[in-house]
Amino acid sequence: MPATDQHTRTHIKALADEMKRHLAAPAAAPAQVFLSGMLTGLASAIEILDGRTAEQAAETVEQRLAAAVGRAYIDGKLGEQPAPVDWEAIAQQRERELRDVGEARHTAEQERDGAYRERAHLVALLAALTDGAVITDAQDVDEPGWQIVYLTLGGRQCSWHIAPRDTSLFQHVERVDALDVRALWDGHTTEAKYAGIAAWTAELAQHCGPVCSEMHTERGRCEIARNR
């Protein structure tokens, strides 16, 4: 045997002896399996140095690994094998979870649509009680059929998006082109809109009363009508 091969063989044997020493000591299952695999590889290397081909050495690798795992299991080093995964039960559980999520989403959508429907009724009522209300196509919504209604409440512009399912509530409102000056958004925010409505509501409650509804008739406690 050439000197280089003899040198390599000596070091491989020393490494194998050291790994056997560690393998004999108590260790966790992954470490035992890893060391067994390393020893198998070293044994194959020695076989090749002894003249066997790589193909011949590889034939015994699987046998050595299986034997090492079997011995570790018999010695109690691998512990109990994990129970088989019940993929069908997991799939059924996932299906139930998805169904529950879908039902919850459907319920939430119904509640949301119901709230928008109630709001649409109130906006339609306001449109019937005030002058100058108009409705036009919503240019800022990609879904077809959406509308925007514009009202002037207390001298301030107010607007609301109206879903297609609620447009039938606004048949009494004048329909105009999106470029009509009465349907041009003045930049008001939602917060500013409702702040203005709150101020206008307080003014009506103090000076006009429910009978007036900004028509300023002589009935009720409308100070505006009495001071004309």
Side-chain angles (χ1 to χ4, degrees), residues 89-228:
I90 293 176
Q92 292 175 351
Q93 176 63 25
R94 182 57 176 165
E95 183 178 353
R96 286 192 296 269
E97 292 173 355
L98 291 174
R99 183 170 60 249
D100 292 342
V101 170
E103 292 176 354
R105 180 180 299 173
H106 179 67
T107 299
E109 290 176 350
Q110 285 185 320
E111 294 175 352
R112 180 201 62 193
D113 293 345
Y116 278 129
R117 180 71 173 182
E118 292 181 7
R119 188 191 71 173
H121 273 288
L122 295 176
V123 174
L125 175 62
L126 280 175
L129 294 175
T130 57
D131 293 329
V134 296
I135 191 169
T136 189
D137 294 331
Q139 301 296 313
D140 59 341
V141 181
D142 294 333
E143 183 180 346
W146 279 81
Q147 309 288 305
I148 300 181
V149 61
Y150 289 91
L151 309 180
T152 300
L153 302 177
R156 304 176 183 87
Q157 185 191 73
C158 298
S159 63
W160 288 269
H161 284 84
I162 306 301
R165 61 182 172 276
D166 298 327
T167 55
S168 61
L169 301 175
F170 295 85
Q171 295 180 2
H172 60 288
V173 179
E174 181 183 359
R175 172 167 292 281
V176 298
D177 184 79
L179 297 179
D180 190 292
V181 66
R182 295 169 294 174
L184 296 180
W185 178 54
D186 66 358
H188 65 267
T189 64
T190 300
E191 292 76 12
K193 174 177 66 178
Y194 286 109
I197 289 176
W200 180 63
T201 301
E203 181 180 355
L204 287 179
Q206 181 178 358
H207 299 296
C208 293
V211 178
C212 174
S213 188
E214 210 181 23
M215 298 184 68
H216 307 307
T217 63
E218 303 298 332
R219 301 173 58 192
R221 57 178 185 273
C222 181
E223 295 182 5
I224 296 175
R226 289 200 300 270
N227 294 331
R228 280 196 293 225

Report task. Output every pair passing side-chain hydrogen bond (donor to acceptor under 3.5 Å, both in side chains) with a member in residues 154-164, not counting sequence neighbours, ordered by first then second residue. Result -> D140-H161, Q157-H188, S159-H188, W160-Y194
Query raised in the report: For the residue pair L169 and A124, what are the closest heavy atoms and their distance?
Result: O-CB, 3.5 Å
Query - Listed partners of R94 passing salt bridge (charged side-chain N to carboxylate O under 4.0 Å, His left out), at least two apart - result: E97
Query raised in the report: Can you tell me how far CD of E103 sits from CG of D100, rounded to the nearest 0.5 angstrom?
Result: 6.0 Å
Requested in this report: Would you indicate whether E109, at its atom CD, is surrounded by more than 12 heavy atoms from other residues, nucleotides or ligands within a distance under 6.0 Å?
Outcome: yes
Report task. Measure the CD1-CG distance between I135 and L151 for me, rounded to the nearest 0.5 Å. Result -> 9.5 Å
Requested in this report: Could you tell me whether the side chain of W146 reaches within less than 4.5 Å of the side chain of P164, counting heavy atoms only?
Outcome: yes
Requested in this report: In sequence, state the C-alpha distance, the side-chain angles, and the governing distance for V149 and V123, and then conclude on side chain to side chain contact (heavy atoms under 4.5 Å, CB included).
Outcome: CA-CA 8 Å; V149 61; V123 174; 3.5 Å; yes
Report task. Tell me, please, which residues at least two apart from H172 pass side-chain hydrogen bond (donor to acceptor under 3.5 Å, both in side chains). Result -> none
Report summary line: So side-chain hydrogen bond (donor to acceptor under 3.5 Å, both in side chains) across residues 111-122, not counting sequence neighbours, yields D113-R165, R117-D166
Report summary line: Those residues at least two apart in sequence (or on a different chain) that pass side-chain hydrogen bond (donor to acceptor under 3.5 Å, both in side chains) with E191 are none
Requested in this report: For residues 168-177, pull every pair meeting salt bridge (Lys or Arg N to Asp or Glu O under 4.0 Å), keeping only residues two or more places apart or in separate chains.
Outcome: D137-R175, E174-R182
Report summary line: Of all heavy-atom pairs linking L184 and A178, the shortest is CD2-O, 3.8 Å
Query - Straight-line distance of W200 CH2 to L153 CG, nearest 0.5 Å - result: 5.0 Å
